[in-house]
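Since this is a predicted model, take the numbers as computed values, not measurements. Side chains included, hydrogens not; waters and symmetry mates left out as well; all remaining heavy atoms used.
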Amino acid sequence: MDNKKLTRVFIVDDNRDAIELLQHMLVQNYSIDVVGTAGDAETAAKAIIKTDPDIIFLDVELPSMSGLEFCSLIRQEVRPETKVVFYTGHNKYMLEAIRREAFDYLLKPPTLQDLNQLMTRYYENKLADIHVNRCNTEQLPIILVVNSMNEHTALRIQD
């Protein structure tokens with residue numbers, strides 16, 4: 001099973017402690033590669049385009065622009081399947097996050113249970129995407145295998 005792929009994550013938050021806590025929880029519990037972090041929208045935009053993450057964890061209250069505004073801007077620059085998760089201490093932005101097509105909304109400080117639910121949804125969503133692609137191309141079935149460390153591998157019948 002040589003085709004294991006780490007989920008690529010980018011974290012945008014002006015609070016260094018919040019970045020480090022989330023990064024630690026992700027790396028310790030999932031098959032995650034944190035490809036970058038940033039404390040402001042301008043730095044984040046350039047780095048996100050360069051690193052091409054699968055998931056962006058985005059604080060709502062950033063120094064120069066809101067995470068909500070940043071989400072709308074970055075959507076034009078990333079792959080459609082890139083997931084944006086708002087990572088904030090404020091639940092008052094939840095409705096607006098949904099309107100901006102957020103994949104999920106994680107309150108600070110995150111609990112392992114909330115993070116598990118989020119990552120399970122991510123892997124289920126990924127499996128659904130694989131199924132849709134398979135149906136469109138009429139290939140042999142693909143199985144997404146997720147182990148206890150949440151590492152994931154896509155297997156084909158011939159594997």
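Residues Ile74 and Val60 are members of one and the same hydrophobic cluster, defined by side-chain heavy-atom contacts under 4.5 angstrom among Ile, Leu, Val, Met, Phe, Trp and Tyr. Hydrophobic clustering keeps Leu95 apart from Leu106 (ILVMFWY residues linked when any side-chain heavy atoms are closer than 4.5 Å, directly or through intermediates). Tracing side-chain contacts under 4.5 Å through hydrophobic residues (I, L, V, M, F, W, Y), one reaches Val85 starting from Val27; they form part of the same cluster. There is no path of hydrophobic side-chain contacts, each under 4.5 Å, that joins Tyr105 to Leu112. Hydrophobic clustering (side-chain heavy atoms under 4.5 Å, transitive across Ile, Leu, Val, Met, Phe, Trp, Tyr) groups Met94 together with Leu58.
Listed here is the closest heavy atom pair of Pro53 and Arg79: O-NH2, 3.0 Å. Residue Cys71 comes nearest to Phe86 through the heavy atom pair CB-CZ, 3.7 Å, listed as atom of the first residue, atom of the second, then distance. Here the closest heavy-atom approach between residue Phe70 and residue Ala41 is recorded as CE1-O, 3.3 Å. Considering every non-hydrogen atom in both Val12 and Ile48, the closest pair reads CG2-CD1, 4.1 Å.
Of the possible donor and acceptor atoms, none in the side chain of Tyr93 sits under 3.5 Å from a partner among the backbone N and O of Gly67. Put simply, the side chain of Thr43 never gets that close to the backbone of Asp40: no donor and acceptor are under 3.5 Å apart. Judged by distance alone, with hydrogens and angles left aside, the side-chain atoms of Asn29 form a donor-acceptor pair with the main-chain N or O of Met25 at under 3.5 Å. Within the 3.5 Å criterion, the main-chain N or O of Val35 finds no donor-acceptor partner in the side chain of Arg8. Arg75 places a side-chain N or O within 3.5 Å of a backbone atom of Glu101 that can act as its donor or acceptor partner. Looking only at distances, no side-chain donor or acceptor of Asp59 sits under 3.5 Å from a matching main-chain atom of Leu62.
At a threshold of 4.5 Å between non-hydrogen side-chain atoms, the residues Asp14 and Glu61 do not count as touching. For the pair Ile55 and Met119, the minimum side-chain heavy-atom distance is below 4.5 Å. Residues Asn125 and Lys83 have side chains in contact (heavy-atom distance under 4.5 Å, counting atoms from C-beta outward). Proximity of Ile19 to Phe57: side-chain heavy atoms (C-beta onward) are nowhere separated by under 4.5 Å. Using a 4.5 Å cut-off on side-chain heavy atoms (C-beta onward), Tyr30 and Thr7 make no contact. A 4.5 Å side-chain heavy-atom check between Asp52 and Phe10 finds every atom pair outside the cut-off. For the pair Asp114 and Leu107, the minimum side-chain heavy-atom distance is 4.5 Å or more. Taking 4.5 Å as the limit, every side-chain heavy atom of Val84 sits out of range of all side-chain heavy atoms of Val78.
To the nearest 0.5 Å, atom CG of residue Leu22 and atom NE2 of residue His24 are 11.0 Å apart. Between Arg100 atom CZ and Glu96 atom CD the span is 4.5 Å, to the nearest 0.5 Å. Considering CZ of Phe103 and OG1 of Thr82, their distance stands at 12.0 Å, rounded to 0.5 Å. In this structure, the separation between CD on Gln113 and CG on Asn116 is 8.0 Å, given to the nearest 0.5 Å.
Between Lys108 and Asp13, at least one side-chain N (NZ, or NE/NH1/NH2) sits under 4.0 Å from a carboxylate O, which counts as a salt bridge. One finds no salt bridge joining Glu42 and Lys46 here, because no Lys/Arg side-chain nitrogen approaches an Asp/Glu carboxylate oxygen to under 4.0 Å.
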Thr37 and Arg16: side chain to side chain contact (heavy atoms under 4.5 Å, CB included), yes or no, with the steps?
CA-CA 9 Å; Thr37 64; Arg16 191 77 217 152; 3.4 Å; yes
Step by step, would you call Tyr87 with Asp104 a side chain to side chain donor-acceptor pair (under 3.5 Å)?
CA-CA 9 Å; Tyr87 176 52; Asp104 213 319; over 6 Å; no
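Checking Leu26, Asp54, Leu6 one by one against Ile32, the side chain to side chain contact (heavy atoms under 4.5 Å, CB included) holds for a single residue, Leu26.
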